[in-house]
Each structure stands twice: as C-alpha cells, then as structure tokens.
Amino acid sequence: MSFVTREDVMAVVEPMIADLFTVARGREMPRPFPVLSYAEVMRRYGTDKPDLRVDLTLDDFSDCFAGTAFRVFAEALAQGRRIRGLAAPGAGAMLSRRELDDLVAFATAEGAGGLTWIRIGADGWQSPAVKFLGDTERSRLTAAAALVPGDLLVLLAEPDARAWAILSQLRVRLGERLGRVSAGADRFLWVVDFPLFERDEDGTRYTAMHHPFTAPRDEDLERLEREPLAICSQAYDLVLNGVELGGGSVRIHRPDVQARVLALLGMSESEAHARFGFLLDALAYGAPPHGGLALGLDRLVMLLAGADSIREVIAFPKTQRATCPLTDAPTPVDPAQLRDLGIRIT
C-alpha cells in the first residue's frame with residue numbers, strides 16, 4: 001500500500017485475521033492485539049515469536065548478584081554478561097531431582113556452560129550452588145522473583161543470544177509440565193521496533209536483520225551512522241501461539257537513505273549501483289512511501305486446522321530429502337534439454 005504507516009498496515013491486517021479466526025473457531029477473538037517491542041519480547045520471553053499461552057516470563061537477575069562471591073556469576077558479570085533466569089511457581093515441589101538434572105543436561109547440550117537451579121523448599125533452599133549464595137543474594141532473589149516455598153528458579157550466565165535461546169525453550173517446557181498453558185486459546189501479538197542492523201557471526205560487519213530495504217524509523221535517521229545497532233526499523237511481525245504468522249515493513253523510498261543503509265552494510269557506491277542500480281534509479285524518480293505485510297498461508301491453515309506440522313496442510317509436501325512422492329521429482333534430465341538450456345553437469 002502507498003502512503004501508509006506501520007499502524008495503517010496493522011489496522012488492515014488485524015481485523016481481517018481476527019474475523020477469520022472468529023469464524024473458524026466459533027468464538028470472538030479479543031482485540032486489539034497486544035503490541036510489544038522487540039527489546040521487550042526478548043527480555044520477557046527470549047524469542048521474537050513467543051507463545052503467550054504460557055504463563056511464565058523471563059527476567060534479568062544481574063542486580064541480585066552485585067558484589068557476589070559466587071565465582072561463576074561474578075566472572076560473567078565482569079565480562080559484561082547478564083544473569084538471566086526464569087522463576088516457575090510451584091515447579092520446585094513438582095519436579096523430581098532427575099527432572100532438574102534433565103534441565104541442566106538440556107542447557108549444556110544447547111551450548112551453555114551450565115544451568116543453576118534453586119528449589120525453595122519448606123526447610124530452606126536446595127541447590128548445588130546454594131553454598132555459594134549468601135544472605136544478600138538470597139534476599140535479593142526472593143524479592144526480585146517473589147519466591148515462596150515450592151518455587152523453582154533457573155539461572156544462566158551466558159551471552160544474551162544463547163541465554164535467550166535456551167531459556168525461551170525452558171519456559172515452554174516448564175509451562176507444559178506445570179500446566180501453565182492456556183489450552184484451546186489463541187494469543188496474538190504484534191512485535192515491532194526490530195533493530196535495523198545486527199552483527200554477523202564473526203562480529204566484523206553489520207547485516208540487515210530483515211532485509212536492506214526496510215526503512216529505519218524517521219526519528220532515528222539523524223544518528224544512523226553514529227549508532228547503527230541502536231537504530232530501530234519500521235518492521236512488524238504478527239505472532240500467534242509461538243508461530244510467526246506473517247511479517248512486513250515500511251520500505252525505504254528515499255534514494256539517499258537507501259544509499260546510506262547499503263553503505264553501512266559494507267557496499268561501496270559503485271557496488272551498490274552494480275547490484276541495486278535499478279532500485280536506486282527507480283527511487284530517484286519519486287517512489288511513494290509504501291509498506292505491506294505477507295502472511296504465511298500454509299502456517300495459517302496449519303493453525304486453523306489444529307495440525308502439528310505444516311506438511312499436513314501443504315498440497316504436495318516434499319520429503320526431508322527434497323523429493324516429491326507425487327511426481328518422483330527430481331527425475332533424470334534428458335541431455336538434449338540440458339544442452340538447450342546451456343547447462344552442463346560436472
């Protein structure tokens with residue numbers, strides 16, 4: 001759509017999706033859908049597509065360990081890492097020691113150096129790390145997590161990306177184990193204000209979190225080159241029950257802004273014109289501000305049908321080896337066809 005803002009696009013998509021689910025489910029869908037920033041969903045859920053049916057949230061417990069003598073956490077804080085965790089009411093009373101060990105094994109299998117769990121028993125705190133925690137840490141944690149007997153607290157001292165990835169999965173696992181999932185419900189969420197850039201895996205250059213044509217917020221333009229990683233984009237995702245239903249953005253429509261973004265991605269002016277000259281030239285003629293959103297139709301049908309896999313609703317699903325059971329593709333190709341197409345197999 002032309003001459004639209006993020007809110008215009010969301011205002012078109014939201015009632016359409018709500019009406020669709022109202023008819024399919026036979027019950028009204030609550031509106032408006034909640035809207036959270038990327039920073040907030042990562043802080044509370046550890047993922048940008050959280051399942052809001054799970055009644056548990058993550059938190060940052062770093063302040064509870066200021067000046068701690070617990071070496072693992074003290075060293076992590078000194079290196080600039082945060083102590084993130086999850087309080088699970090009632091889990092301490094429900095989970096066996098073997099189940100707690102399984103949580104630790106899962107975290108280490110996912111790349112963590114370890115997982116600290118603390119069970120609040122009627123007769124005190126139980127944890128392999130309890131002897132390293134003084135009264136100060138205990139009182140701070142009790143207040144921060146509102147801990148009472150029967151509760152469980154799990155903590156990680158890992159880089160944010162790894163901690164969030166692990167804790168987001170533990171959140172769902174514990175929610176299911178504790179019965180803290182609103183079964184039969186649909187929980188929609190808009191996620192907005194995604195970062196425009198992120199670092200690549202080597203940390204040596206910037207990459208576009210969505211794609212290079214996503215517009216930065218207008219209020220961030222003046223500090224684009226000065227604070228690239230602090231710039232938010234005009235991108236937005238619609239999430240349902242832990243699944244991204246669709247996403248979109250307002251696009252860059254000014255050639256000067258597009259050139260600045262490409263430069264930050266490491267492209268010289270000549271390279272940018274060689275790769276995207278058609279776009280830069282088109283924008284120079286006066287493209288209007290424009291935005292939209294694409295829905296994943298198969299995912300949408302999967303959720304409406306209550307299927308567990310997208311393969312159950314795709315008309316002609318492929319196997320994991322990328323073969324088609326219906327047509328037996330890929331099949332051998334006639335050499336004459338390859339010759340006509342200018343393709344040689346080596």
Side-chain angles (χ1 to χ4, degrees), residues 38-47 50 56-93 95-174 195 198-204 227 229-230:
Y38 172 85
E40 184 68 6
V41 295
M42 295 305 293
R43 185 184 71 80
R44 292 169 61 177
Y45 306 108
T47 173
L56 294 172
T57 56
L58 313 183
D59 213 336
D60 185 339
F61 296 99
S62 303
D63 291 345
C64 297
F65 294 95
T68 185
F70 186 18
R71 184 174 57 83
V72 173
F73 287 175
E75 290 179 355
L77 292 171
Q79 294 169 12
R81 300 204 297 269
R82 311 296 295 174
I83 313 301
R84 301 189 184 277
L86 168 67
L95 269 62
S96 67
R97 177 58 190 262
R98 179 174 179 177
E99 288 178 298
L100 294 174
D101 289 340
D102 287 343
L103 297 182
V104 177
F106 168 77
T108 54
E110 293 293 310
L115 176 75
T116 299
W117 59 263
I118 300 170
R119 175 160 48 189
I120 314 300
D123 54 350
W125 288 32
Q126 302 164 9
S127 168
V130 73
K131 60 185 176 183
F132 303 111
L133 302 177
D135 293 339
T136 300
E137 287 98 334
R138 295 192 192 199
S139 64
R140 288 172 179 169
L141 287 171
T142 298
L147 297 174
V148 297
D151 290 353
L152 175 73
L153 178 65
V154 294
L155 299 165
L156 275 176
E158 299 289 332
D160 281 348
R162 187 181 302 148
W164 280 328
I166 294 170
L167 289 170
S168 65
Q169 295 179 74
L170 288 178
R171 171 180 170 269
V172 175
R173 285 182 173 213
L174 286 171
E198 57 187 346
R199 290 282 191 184
D200 66 358
E201 290 186 2
D202 298 329
T204 56
E227 301 175 272
L229 294 177

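What you see below is based on every heavy atom in this structure, not just the backbone, and it leaves out hydrogens, waters and symmetry mates.
Taking 4.5 Å as the limit, some side-chain heavy atom of Phe106 sits within range of a side-chain heavy atom of Arg173. Between Phe132 and Arg71 there is no side-chain heavy-atom pair separated by less than 4.5 Å. Val130 has its side chain out of reach of Ile118: every pair of non-hydrogen atoms, C-beta onward, lies at least 4.5 Å apart. Put simply, the side chain of Leu156 does not reach to within 4.5 Å of the side chain of Arg84, judged on heavy atoms. In this structure, Leu115 and Leu103 have side chains that are in contact, with non-hydrogen atoms separated by less than 4.5 Å. Annotation: side chain of Arg43 is not in contact with side chain of Tyr38 (no heavy-atom distance under 4.5 Å). Side chains of Leu100 and Arg119 form a contact here, defined as non-hydrogen atoms less than 4.5 Å apart. Side-chain contact between Pro195 and Leu229 is absent, with no heavy-atom pair separated by less than 4.5 Å.
In this pair, Phe73 and Phe65 present their aromatic rings perpendicular. The plane angle is above 60°, beyond the 30 to 60° band.
When atom types are taken as modelled, the side chain of Ser96 and the backbone of Glu99 share a donor-acceptor pair closer than 3.5 angstrom. Looking only at distances, no side-chain donor or acceptor of Gln79 sits under 3.5 Å from a matching main-chain atom of Ala76.
Between atom CG of residue Leu153 and atom OG of residue Ser127 there is a gap of 9.0 Å, rounded to the nearest 0.5 Å. Expressed to the nearest 0.5 Å, how far CG of Leu152 lies from CG of Leu174 amounts to 6.5 Å. In this structure, the separation between CZ on Arg138 and OG1 on Thr142 is 9.0 Å, given to the nearest 0.5 Å. Rounding to the nearest 0.5 angstrom, the gap separating the CG atom in Asp200 from the OG1 atom in Thr204 is 4.0 Å. To the nearest 0.5 Å, atom CG of residue Leu141 and atom CG of residue Leu155 are 6.5 Å apart.
Side-chain contact of Ser139 with Asp135: a donor-acceptor pair under 3.5 Å is absent, judged by distance alone. Side-chain N/O atoms of Thr57 and Arg44 include no donor and acceptor closer than 3.5 Å.
The existence of a salt bridge linking Asp160 and Arg81 is excluded, since no basic side-chain nitrogen approaches an acidic carboxylate oxygen closer than 4.0 Å. Between Arg140 and Glu137 there is no salt bridge, since no side-chain N of the basic residue sits under 4.0 Å from a carboxylate O of the acidic one.
Annotation for Val154 and Leu167: closest pair CG2-CD2, 4.3 Å, computed over non-hydrogen atoms. Heavy-atom minimum distance, Ser62 versus Leu77: CB-CD2, 3.9 Å. Leu58 and Tyr45 get closest at one heavy-atom pair: CD1-C, 3.5 Å. Between Cys64 and Ala144, the closest heavy-atom pair is SG-CB, 3.7 Å. Of all the heavy atoms in Trp164 and Met42, the pair that sits closest is NE1-O, 3.0 Å. Between Pro89 and Leu56, the closest heavy-atom pair is CD-CD2, 3.8 Å.
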Exercise for review: Please report the C-alpha distance between Glu75 and Phe70 in whole Å, then the side-chain angles of each, then the deciding distance to 0.1 Å, and finally whether the side-chain contact (heavy atoms from CB on, under 4.5 Å) criterion is met.
Suggested key: CA-CA 9 Å; Glu75 290 179 355; Phe70 186 18; over 6 Å; no
Exercise for review: Begin with the C-alpha distance, continue with both residues' side-chain angles, and end with the deciding distance and a verdict on side-chain contact (heavy atoms from CB on, under 4.5 Å) for Glu110 and Gln169.
Suggested key: CA-CA 10 Å; Glu110 293 293 310; Gln169 295 179 74; 3.8 Å; yes
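Counting non-hydrogen atoms of other residues, nucleotides and ligands closer than 6.0 Å to CG of Asp102 gives a total above 12.
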